[in-house]
Amino acid sequence: MIEVFKEKKIWAVIGSVSNKDKFANKIYNFMKNKGYKVYPVDPSGKELDGEKTFASLRDLPEKPDAIDMVINPVRGEKYIDEAAELGIKYVWFQPGAESFEVVEKAKNYGMEVMYGKCVMVEF
């Protein structure tokens, strides 16, 4: 299953991407450096090194193939709903971003779900 996620070329990283001390920022930069097209989805709306971040998946200029959740699972539930509305089928939950409820919500939408593993280790 990890190989299937690696094949996805357009990602959205959801979390405090604009905060350089947070894992969302580290994962965003890691994915970019690996050659993926990555959109920063940051609920704060703060810029990232002068680059715009997006408060919502709906605001992205194109639909990502996959999303990487690096956000508190309670706050992340609305992004799972958005992903379902947009037809995004692949969701990776970073350790700490998953809960039984949010993982089940994604599965109930028919999404392929990865959790318990970090993209920075697996990619």
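Quick note: numbers below take in every heavy atom, side chains included, and nothing from hydrogens, waters or symmetry partners. Keep in mind the model is a prediction, meaning the values are calculated, not measured.
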I'd like to know if [X] and [Y] make a salt bridge, using a cut-off of under 4.0 Å between side-chain N and carboxylate O.
{"X": "Asp81", "Y": "Lys105", "result": "yes"}
{"X": "Lys37", "Y": "Glu62", "result": "yes"}
{"X": "Glu85", "Y": "Arg58", "result": "yes"}

Got [X] and [Y] here, is their nearest side-chain heavy-atom distance under 4.5 Å?
{"X": "Pro73", "Y": "Glu98", "result": "no"}
{"X": "Val17", "Y": "Lys22", "result": "no"}
{"X": "Leu60", "Y": "Pro64", "result": "yes"}
{"X": "Met114", "Y": "Met1", "result": "yes"}
{"X": "Tyr79", "Y": "Val41", "result": "yes"}

Find the distance between [atom1] ([X]) and [atom2] ([Y]) and round it off to the nearest 0.5 Å.
{"X": "Asn25", "Y": "Leu48", "atom1": "CG", "atom2": "CG", "value": "6.0 Å"}
{"X": "Phe23", "Y": "Ile71", "atom1": "CZ", "atom2": "CD1", "value": "16.0 Å"}
{"X": "Ile14", "Y": "Asp42", "atom1": "CD1", "atom2": "CG", "value": "10.5 Å"}
{"X": "Lys63", "Y": "Tyr39", "atom1": "NZ", "atom2": "OH", "value": "13.0 Å"}
{"X": "Lys89", "Y": "Glu112", "atom1": "NZ", "atom2": "CD", "value": "9.0 Å"}

Where is the tightest heavy-atom contact between [X] and [Y], given as atom of each residue plus distance?
{"X": "Thr53", "Y": "Gly45", "value": "OG1-C, 3.5 Å"}
{"X": "Asn72", "Y": "Val74", "value": "OD1-N, 2.8 Å"}
{"X": "Ser18", "Y": "Ser44", "value": "OG-OG, 3.7 Å"}
{"X": "Pro43", "Y": "Gly15", "value": "CD-O, 3.5 Å"}
{"X": "Ile67", "Y": "Ala83", "value": "CD1-CB, 3.9 Å"}

Decide yes or no on side-chain hydrogen bond (donor to acceptor under 3.5 Å, both in side chains) for Glu82 and Ser56, but give the supporting numbers first.
-> CA-CA 8 Å; Glu82 280 186 13; Ser56 164; 3.1 Å; yes
What do the steps show when you test Phe93 against Val113 for side chain to side chain contact (heavy atoms under 4.5 Å, CB included), and what is the final call?
-> CA-CA 8 Å; Phe93 292 95; Val113 176; 3.6 Å; yes
Spell out, as yes or no, whether a donor-acceptor pair under 3.5 Å connects the side chain of [X] to the backbone of [Y].
{"X": "Lys26", "Y": "Lys20", "answer": "yes"}
{"X": "Asp59", "Y": "Phe54", "answer": "no"}
{"X": "Ser16", "Y": "Asn19", "answer": "no"}

Is there a path of hydrophobic side-chain contacts, each under 4.5 Å between heavy atoms, that joins [X] and [Y]?
{"X": "Val91", "Y": "Trp11", "result": "no"}
{"X": "Ile27", "Y": "Tyr115", "result": "no"}
{"X": "Tyr28", "Y": "Phe30", "result": "yes"}
{"X": "Val103", "Y": "Tyr109", "result": "yes"}

If you draw a 6.0 Å radius around NZ in Lys34, do more than 12 non-hydrogen atoms from other residues or ligands fall strictly inside?
-> no
Please assess Ile88 against Leu57 for the test side chain to side chain contact (heavy atoms under 4.5 Å, CB included), listing each intermediate value before the final yes or no.
-> CA-CA 10 Å; Ile88 298 167; Leu57 291 167; 4.3 Å; yes
Taking the six-membered ring where the residue is Trp, are the ring centres of Phe123 and Tyr36 under 6.0 Å apart?
-> yes
Ring center gap for Trp92 and Phe5 short of 6.0 angstrom | yes
Using the ring of Tyr90 (Phe, Tyr or Trp, six-membered ring only), decide whether Lys8 places NZ or CZ under 6.0 Å from its centre and within 45 degrees of its axis.
-> yes
Step by step, work out the side chain to side chain contact (heavy atoms under 4.5 Å, CB included) result for Val70 and Val13.
-> CA-CA 7 Å; Val70 197; Val13 174; 4.0 Å; yes
